[in-house]
Amino acid sequence: MEASLGIQMDEPMAFSPQRDQVQADGSLKKHEQNFKLPGVKKDIEKLYEAVPQLGNLFKIKDKIGEGTFSSVYLATAQLQVGPEEKIALKHLIPTSHPIRIAAELQCLTVAGGQDNVMGVKYCFRKNDHVVIAMPYLEHESFLDILNSLSFQEVREYMFNLFKALKRIHQFGIVHRDVKPSNFLYNRRLKKYALVDFGLAQGTHDTKIELLKFVQSEAQQESYSQNKSHVITGNKISLSGPAAPKESDQQPTVKTSVKRPYTNAQSQIKQGKDGKLMKQSKTVDVLSRKLATKKKAISTKVMNSGVMRKTASSCPASLTCDCYATDKVCSICLSRRQQVAPRAGTPGFRAPEVLTKCPNQTTAIDMWSAGVIFLSLLSGRYPFYKASDDLTALAQIMTIRGSRETIQAAKTFGKSILCSKEVPAQDLRRLCEKLRGIDSNTPQLTSDTQGPASHDPAFSEKTDHKASHLIQTPQAQHSGDSLYKGDSGGRAGSWNTGTADLEGWGEVPDEAYDLLDKLLDLNPASRITAEAALSHPFFKDMSL
Ligand code: ADP
Ligand code: MG
Ligand code: ZN
């Protein structure tokens with residue numbers, strides 16, 4: 001398997017080409033009919049130029065994914081005789097750390113190719129450009145199908161997600177970015193694939209050799225050169241898997257560099273006096289801004305030791321050009337990274353990640369799976385929408401309870417201060433209300449105006465929603481609800497008729513029991529992927 005790390009070579013390299021046939025036979029029509037945007041055409045040309053050997057093998061058809069750390073293209077393989085083979089080409093940003101790239105590749109080659117884990121076919125490198133060629137799996141947009149999924153499909157979806165997680169966890173891989181866009185789902189073919197090991201880390205006994213290096217790199221801040229913390233006047237912009245935060249009244253977080261948090265954009269301010277907050281082993285949600293808009297509630301973060309390091313590693317006068325942009329400037333590329341690994345997308349992060357617990361395990365992926373399940377059961381995606389970790393933590397508290405969260409955090413050595421007590425919610429009631437299938441909520445008809453499934457159950461952005469679902473003290477005082485539950489908050493196509501037909505009228509208790517075990521605030525007792533597969537919720541399903 002060492003040989004499969006073909007990143008040193010300019011020649012294509014086959015990784016057990018027969019092994020991965022996760023391919024969807026879904027048609028290419030959508031892509032072929034689309035007129036390519038001029039930008040996409042240009043990108044494709046540039047890719048051919050950057051990695052010329054691709055031209056001999058593939059016809060690149062379209063760009064299908066564009067993130068901060070990669071662009072993914074749909075291509076067809078021209079080599080084969082017979083039907084064209086569809087390939088996904090993932091072009092990693094050239095600034096990615098070679099070890100990071102190699103580790104991503106090793107996850108795919110060693111653990112991938114079965115049990116719903118994406119595999120790899122080839123890898124190409126030319127200079128600092130690396131392209132990973134994978135079997136293409138045509139897939140749905142989670143949001144598009146969320147409210148048309150039958151209850152049985154949801155069961156299958158979760159079952160197959162756990163199958164993938166069990167597989168990677170057996171290899172000691174913590175994915176760290178489990179979310180719908182990284183779990184490809186072909187509804188028609190009932191095919192699934194966990195993708196994107198760009199943030200993965202290893203457990204202490206990981207079988208993925210290179211993840212050992214990735215992990216130690218992440219935890220030895222002085223070794224890394226490519227994560228950033230910038231102090232710009234009164235603001236600190238942080239990025240890197242361990243970006244700590246100190247905040248005053250209105251913390252927001254900015255990330256810009258390598259794969260710190262997918263999709264996260266935030267900024268961190270210093271205290272009013274321009275000084276960093278003092279260190280303590282306390283996460284202080286006391287004055288946390290819960291609902292954005294106005295200064296409803298704000299939260300302070302106090303994290304152990306981390307901030308001091310940030311301060312010392314960042315000359316206060318140093319500013320850069322990439323602040324508040326998606327770019328990475330050379331100053332930032334030379335910065336150090338920090339201690340506790342922090343990655344992923346805020347809304348999917350487990351409490352121990354949000355509080356920067358340094359000892360993170362495969363349990364964090366199970367939490368993320370729980371958040372996906374929560375979306376599937378409630379019909380809301382994203383469920384939590386938070387631009388920074390403390391907002392996300394506050395949102396978790398309003399579902400799982402503030403006391404419970406504080407209690408759990410103690411078990412992993414974090415103390416959280418919270419000014420208001422919020423009770424834990426009953427998960428069934430919560431999901432049913434959000435779906436609009438409880439008796440107290442008026443049914444939504446197809447032409448009802450109002451928030452749809454894409455409105456998060458939690459949001460920072462909107463402030464006009466009713467908060468009848470959960471009356472948090474914050475919501476009452478601020479008039480700006482953290483909790484965005486409202487009667488119209490699911491897709492318009494939903495109605496009781498389909499609810500019954502699709503099995504939603506009689507969601508068994510097992511579903512909520514499993515959800516409860518996934519969203520266990522304590523990572524030590526949180527259900528594992530293996531245990532989840534044998535949960536009664538899946539009683540008539542087999543691996
Ligand atoms: P990033 O690290 O930029 O998030 P991903 O590996 O998650 O990159 O890929 C980004 C997107 O590209 C995915 O969300 C998916 O839509 C698409 N994609 C990635 N791999 C494949 C694949 N093998 N088949 C089909 N689509 C893929
Ligand atoms: Mg991704
Ligand atoms: Zn910069």
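Ligands are counted one by one from 1 in listed order, and the atoms in each one are counted from 1 as well.
With contacts defined as side-chain heavy-atom distances shorter than 4.5 Å, the pair Phe383/Leu434 qualifies. Contact check for Phe373 versus Leu427: no side-chain heavy atoms found under the 4.5 Å cut-off.
Proximity of Ala193 to ligand 1, defined as any heavy-atom pair under 4.0 Å, is not found for any part of the residue. Counting heavy atoms under 4.0 Å from ligand 1, residue Asp196 touches it through both backbone and side chain. Of all the heavy atoms of Glu138, none lies under 4.0 Å from any atom of ligand 1, so neither backbone nor side chain is involved. The residue Thr68 has no part lying near ligand 1, judged by heavy-atom distances below 4.0 Å. Proximity of His139 to ligand 1, defined as any heavy-atom pair under 4.0 Å, is confined to the side chain (atoms from C-beta onward).
Close contacts of ligand 1 with Val72, meaning ligand atoms under 4.0 Å from a residue heavy atom, involve 9 (O), 10 (C), 12 (O), 18 (N), 19 (C). Ligand 1 places these atoms under 4.0 Å from at least one heavy atom of Ile64: 26 (N). Near Met134, with a cut-off below 4.0 Å to any heavy atom, the atoms of ligand 1 are 20 (N), 23 (N). Atoms of ligand 1 lying under 4.0 Å from any heavy atom of Asn182, numbered from 1 in the order shown and given with element: 7 (O). For ligand 1, the atoms sitting less than 4.0 Å from at least one non-hydrogen atom of Met118 are 22 (C), 23 (N), numbered in the order shown with element in parentheses. For ligand 1, the atoms lying closer than 4.0 Å to a non-hydrogen atom of Leu184 are 15 (C), 21 (C), 22 (C), 24 (N), 25 (C), 26 (N), 27 (C). For ligand 1, the atoms closer than 4.0 angstrom to any heavy atom of Ala88 are 21 (C), 22 (C), 23 (N), 24 (N).
Scanning for side chain to side chain donor-acceptor pair (under 3.5 Å) contacts around Lys517 gives Asp513, with sequence neighbours left out.
Using cut-offs of 30° and 60° on the angle between ring planes, the pair Tyr136 and His139 is tilted. Note on ring orientation: taking the six-membered ring where Trp is involved, the planes of Phe183 and Tyr157 are perpendicular (angle over 60°, cut-offs 30° and 60°). Using cut-offs of 30° and 60° for the angle between ring planes, the Phe159 and Phe538 rings count as perpendicular.
Any N or O atom pair closer than 3.5 Å counts here, and Pro135 shares at least one such pair with ligand 1. For ligand 1, the polar-atom distance check finds an N/O of Lys90 within less than 3.5 Å of one of the ligand's N/O atoms. For a threshold of 3.5 Å applied to N or O pairs, the pair formed by Ser181 and ligand 1 contains at least one separation below that value. Backbone and side-chain nitrogen or oxygen atoms of Gly67 are examined, and none is located within less than 3.5 angstrom of a nitrogen or oxygen of ligand 1.
Side-chain atoms of Arg155 and Gln152 include a donor-acceptor pair closer than 3.5 Å. Side-chain contact, Thr345 with Arg176: no donor N or O sits under 3.5 Å from an acceptor N or O. With hydrogens and angles left out, the side-chain atoms of Ser71 and Asp43 include no donor and acceptor closer than 3.5 Å.
Contact annotation: Gly198 has no heavy atom less than 4.0 Å from any atom of ligand 1. Contact between Tyr136 and ligand 1 is present, with at least one heavy atom of the residue lying under 4.0 Å from the ligand.
The Mg ion (ligand 2) has no N, O or S atom of Ser181 closer than 2.8 Å.
For Asp196, the N/O/S atom at the shortest distance from the Mg ion (ligand 2) is named OD2.
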Hey, mind stepping through Phe69 and Leu92 against side-chain contact (heavy atoms from CB on, under 4.5 Å) and telling me if it holds? CA-CA 6 Å; Phe69 310 104; Leu92 303 166; over 6 Å; no

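The line from NE2 of His169 to CZ of Phe162 is 10.5 Å long, rounded to the nearest 0.5 Å.
In this structure, the ring of Phe58 has its center no less than 6.0 angstrom from the ring center of Tyr48.
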